[in-house]
Amino acid sequence: MVTYPDAHILDVVGPLEVMTGTKFFLPEGPDPYDVTVLATCAGPVRTTSGLTLTADRAFADAMPETGEIDTLIVSGGHGTMAALEDNALMDYVRAAAGRARRIVSICTGAMILAEAGLLDGRRACTHWWWCPVLEKRHPKVTVDRDAIFVRDGNVWTSAGVTAGMDLALALVEMDWGHDIALQVARYNVMYMMRPGGQSQFSAHLLARKAQDPAINETLDHILANPGDGLTVTALAARAGLSERTFARRFRDETGKTPAAYVETARVQAARVALETTATGVEQIALQTGFQSAERMRRAFHRHLGISATEYRERFRGAQPPPQIRDGPG
């Protein structure tokens, strides 16, 4: 784990907690991950929150090593721009990437990978606030502004803060299998591995942004009743507005058309049903307003890049509560 002054502490400890927590669900034996935290100097590193991390080693001490690195992770945070000027950090990232099985960035750590030339010709993501900066500074990088995390070959990038934990769960799944990853997710009281292509802005986040009372009530209604006939005509009537005025205010508040928002809400509702029930795909499609399994399949591909059936196979939790190897600390 590469860190630096004013890194976001959760960008460092969030992914590491997820990955090292795997040990509770594996048979007795060596820990699944051997973690080393690196910084310009070994010792205390002050993070944005004011809390201090302890770096195990300095970049200069690690540079002469030639052995394989399983996973090189670069953290993000408010200190990223200053980190780009740290020659020891940048030299280490470039050198270590050449012997790493996979290269990972959390949040604005993507800026460091890009500056090191590791994202040229690749698709990547970062915190939504920094996407325009990444695009402007590194035009050879294809920036996915919506994705929670992106894998392109052996390079993984994530969006802001907690998205790094989602990425870490995906790494755990790759290393130890789906069942172990689900148990780690439950242990950390996390959503069961949001797929990387999911938008950084969920329907619920959009709902909380609405300032217009009529639109805000409409958003709540959509989220609570995704299976209803949520046409612009019906929603405008409910809001007491003309269709034209309603559509304009809705887009001003959410940045989406009513139809696009409704589809997002329906996908969200269908995902929950697919994960938590044994109801058939066709029935879920009807319950969530898609009218047919084929329409739901197309919507899932637009939003998540996989079909509803594939989503269920990957993300449905069917295991009993995990048996923890040792008590949590």
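At a threshold of 4.5 Å between non-hydrogen side-chain atoms, the residues M174 and R151 count as touching. By the 4.5 Å heavy-atom criterion applied to side chains, V172 and M19 are counted as neighbours. No side-chain heavy atom of H301 sits less than 4.5 Å from a side-chain heavy atom of R298. Under the 4.5 Å side-chain criterion, counting only non-hydrogen atoms from C-beta, V133 is not in contact with T126. T52 has its side chain out of reach of T47: every pair of non-hydrogen atoms, C-beta onward, lies at least 4.5 Å apart. Side-chain contact between R145 and P132: present, with at least one pair of heavy atoms (C-beta onward) separated by less than 4.5 Å. A heavy-atom distance below 4.5 Å is found between the side chains of P32 and K23. Side-chain contact between I106 and H8 is absent, with no heavy atoms from C-beta onward closer than 4.5 Å.
Here the OG1 atom belonging to T162 is positioned 8.0 Å from the CD1 atom belonging to I148, to the nearest 0.5 angstrom. One distance of note links OG1 of T218 with CG of L223; it measures 11.0 Å at 0.5 Å rounding. Put simply, CZ on R101 and CD1 on I103 are 11.5 Å apart, with the number rounded to the nearest 0.5 Å. For the atom pair D86 CG and Y4 OH, the distance stands at 10.5 Å (nearest 0.5 Å). Of the inter-residue distances, the one linking L10 atom CG with T48 atom OG1 reads 11.0 Å to the nearest 0.5 angstrom. One distance of note links CZ of R249 with CZ of R244; it measures 13.5 Å at 0.5 Å rounding.
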Candidate pair L72 and V104, rule side-chain contact (heavy atoms from CB on, under 4.5 Å), full reasoning: CA-CA 6 Å; L72 174 68; V104 175; over 6 Å; no
Check against side-chain contact (heavy atoms from CB on, under 4.5 Å), L84 and M90: CA-CA 7 Å; L84 296 177; M90 295 303 302; 4.3 Å; yes
CA sep, side-chain torsions, deciding dist, call: R122, T157, side-chain contact (heavy atoms from CB on, under 4.5 Å): CA-CA 10 Å; R122 295 185 184 272; T157 53; over 6 Å; no
side-chain contact (heavy atoms from CB on, under 4.5 Å) between N216 and Q211, worked out: CA-CA 7 Å; N216 199 56; Q211 301 298 314; over 6 Å; no
Derivation of the side-chain hydrogen bond (donor to acceptor under 3.5 Å, both in side chains) call for T257 and R251: CA-CA 5 Å; T257 65; R251 191 176 187 94; 4.9 Å; no
R123 and D144: CA distance, side-chain angles, deciding distance, salt bridge (Lys or Arg N to Asp or Glu O under 4.0 Å) verdict: CA-CA 7 Å; R123 179 170 161 260; D144 188 332; 2.6 Å; yes
Verdict with supporting geometry, E263 and R266, salt bridge (Lys or Arg N to Asp or Glu O under 4.0 Å): CA-CA 5 Å; E263 183 171 275; R266 285 174 170 163; over 6 Å; no
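Cluster membership for V45 and M1, using ILVMFWY side-chain heavy atoms within less than 4.5 angstrom, is not shared. Residue I284 is not grouped with residue L286 when hydrophobic side chains (ILVMFWY) are merged at heavy-atom distances under 4.5 angstrom, including chains of intermediate members. One hydrophobic cluster, built from ILVMFWY side chains closer than 4.5 Å, holds both Y33 and V12.
Residues V93 and A116 come closest through the heavy atom pair CG1-CB, 4.3 Å. The heavy-atom pair separating V35 from T20 by the smallest distance is CG2-CG2, 3.7 Å. Contact between F290 and A270 at its shortest, heavy atoms only, is CE1-CB, 4.3 Å. Closest heavy-atom contact between I9 and S49: CG2-OG, 3.9 Å. Shown here for L274 and V281, the closest heavy-atom pair between the two residues is CD2-CG2, 4.2 Å. When all heavy atoms of P226 and A269 are compared, the closest pair comes out as CG-CB, 3.7 Å.
No donor-acceptor pair closer than 3.5 Å links the side chain of E253 to the backbone N or O of I215. Panel note: side chain D56, backbone V37; a donor-acceptor pair is recorded below 3.5 Å. Panel note: side chain Q283, backbone G280; no donor-acceptor pair is recorded below 3.5 Å. In terms of modelled atom types and a separation under 3.5 Å, the side chain of S75 and the main chain of V2 share a donor-acceptor contact. T108 contributes a side-chain N or O that, together with a main-chain N or O of G77, makes up a donor-acceptor pair within less than 3.5 Å. Between the side chain of T80 and the main chain of G76, no donor-acceptor pair closer than 3.5 Å is present. In this structure, T54 contributes its side chain and P44 its backbone to no donor-acceptor pair below 3.5 Å. With hydrogens and angles ignored, the 3.5 Å screen pairs no side-chain donor or acceptor of Y187 with any backbone N or O of T22.
In H78, the NE2 atom is not crowded: 12 or fewer heavy atoms of neighbouring residues, nucleotides or ligands sit closer than 6.0 Å. Counting heavy-atom neighbours within 6.0 Å of R99 CZ, excluding the residue itself, gives a total above 12. Counted within 6.0 Å of CD on Q287, heavy atoms from surrounding residues, nucleotides or ligands total more than 12; the atom is thus considered enclosed.
By the 4.0 Å N-to-carboxylate-O rule, D175 lies close enough to R102 to be salt-bridged with it.
Counting only residues at least two apart or in different chains, ring-ring contact (aromatic ring centres under 6.0 Å, His included) contacts with residues 155-174 are absent. Counting only residues at least two apart or in different chains, ring-ring contact (aromatic ring centres under 6.0 Å, His included) contacts with residues 92-126 comprise F59-Y92. Applying the salt bridge (charged side-chain N to carboxylate O under 4.0 Å, His left out) definition to pairs two or more places apart or across chains, those involving residues 110-121 are E115-R137.
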